[in-house]
Amino acid sequence: MIAVINGPNLNLLGRREPEIYGHESLEDINNWLLNCVSRMGESGMIFVQSNSEGELVGAVQEVGFDPAVRGIVINPGAYAHYSVALRDAISAVPVPVIEVHLSNIHAREEFRHKSVTAGACAGMVCGLGKRGYLLAVEYLLASGGGVR
Ligand code: DQA
């Protein structure tokens, strides 16, 4: 099973700056992902969204130590740019974690260029919209998950 965790303001997808983040809601994207993954013969995914840093840390800890979870895909939203606590949670768990950003953070404001969380992840995808989530899930399934 793969867990997909989305951080702050991603609950507003579809309504939030659609010229940057697109017109689909988070529910649309999660349903599309679940569909793609079930066509790959995988059953079930865990979806979490929270606007709270503490809840995101808790979610990474919980799914990251769940033996049924093979990997985590996380879009930390703005926390990517400054949350050492979230980075530490990612470092703490034994499963591989892939960071995803819908937008190309390197083509935007300078404060978005740096991700403090990405350095603790197995990899990072940005700028490819919702397909970034799918690429990350495909990687985790193909690599068999397990220890980084
Ligand atoms: C984002 C990029 C972040 O800089 C921003 O704070 C977000 C969304 C993305 O998916 O492109 O909330 O993570």
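Since this is a predicted model, take the numbers as computed values, not measurements. All ligand and atom numbering here is 1-based and tracks the order in the structure.
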Under 4.0 Å from ligand 1, counting heavy atoms only, is it the side chain of Arg16, its backbone, both or neither?
side chain
Nearest heavy-atom contact between Pro8 and Ala78 is CG-N, 4.2 Å
How long is the span from the CG atom in Leu140 to the CD1 atom in Ile2, to the nearest 0.5 Å?
4.5 Å
Listed partners of Arg87 passing salt bridge (charged side-chain N to carboxylate O under 4.0 Å, His left out), at least two apart:
none
Tell me the protein heavy atom at minimum distance from atom 1 (C) of ligand 1, and give that distance in Å.
His101 ND1, 3.5 Å
Any idea which part of Ile20 is under 4.0 Å from ligand 1, heavy-atom wise: side chain, backbone, both or neither?
neither
Pick from His81, Lys130, Arg108: the one approaching atom 4 (O) of ligand 1 most closely through a non-hydrogen atom
His81
Does anything in residues 33-82 form a ring pair (Phe, Tyr, Trp, His ring centres under 6.0 Å)? List the pairs, not counting sequence neighbours.
Tyr79-Tyr82
Which protein heavy atom lies closest to atom 9 (C) of ligand 1, and at what distance to 0.1 Å?
Leu102 N, 3.4 Å
Atom CG of Asp28 and atom CG of Leu13: how far apart are they, to the nearest 0.5 Å?
9.5 Å
If you have a sec, work out which protein heavy atom is nearest atom 5 (C) of ligand 1 and how many Å separate them, to one decimal?
Arg112 NH1, 3.3 Å
Output the list of atoms in ligand 1 that are nearer than 4.0 Å to some heavy atom of Tyr21, sorted by atom number.
5 (C), 7 (C), 8 (C), 9 (C), 11 (O)
So for ligand 1, is Ile105 a polar contact partner (N or O within less than 3.5 Å, distance only)?
no
If you measure every N or O of Leu10 against every N or O of ligand 1, does any of those distances drop under 3.5 Å?
no
I need the atoms of ligand 1 closer than 4.0 Å to a non-hydrogen atom of Asn75, numbered in the order shown.
9 (C), 10 (O), 13 (O)
Distance from Ile72 atom CD1 to Glu99 atom CD, nearest 0.5 Å?
12.5 Å
Heavy-atom closest pair (Leu135 atom, Leu128 atom, distance to 0.1 Å) is CD1-CD1, 3.7 Å
Which residue and atom name correspond to the protein heavy atom nearest atom 11 (O) of ligand 1, and how close is it?
Ser103 OG, 2.6 Å
Rounded to the nearest 0.5 Å, what separation is found between the CG atom of Leu141 and the CD atom of Glu138?
8.0 Å
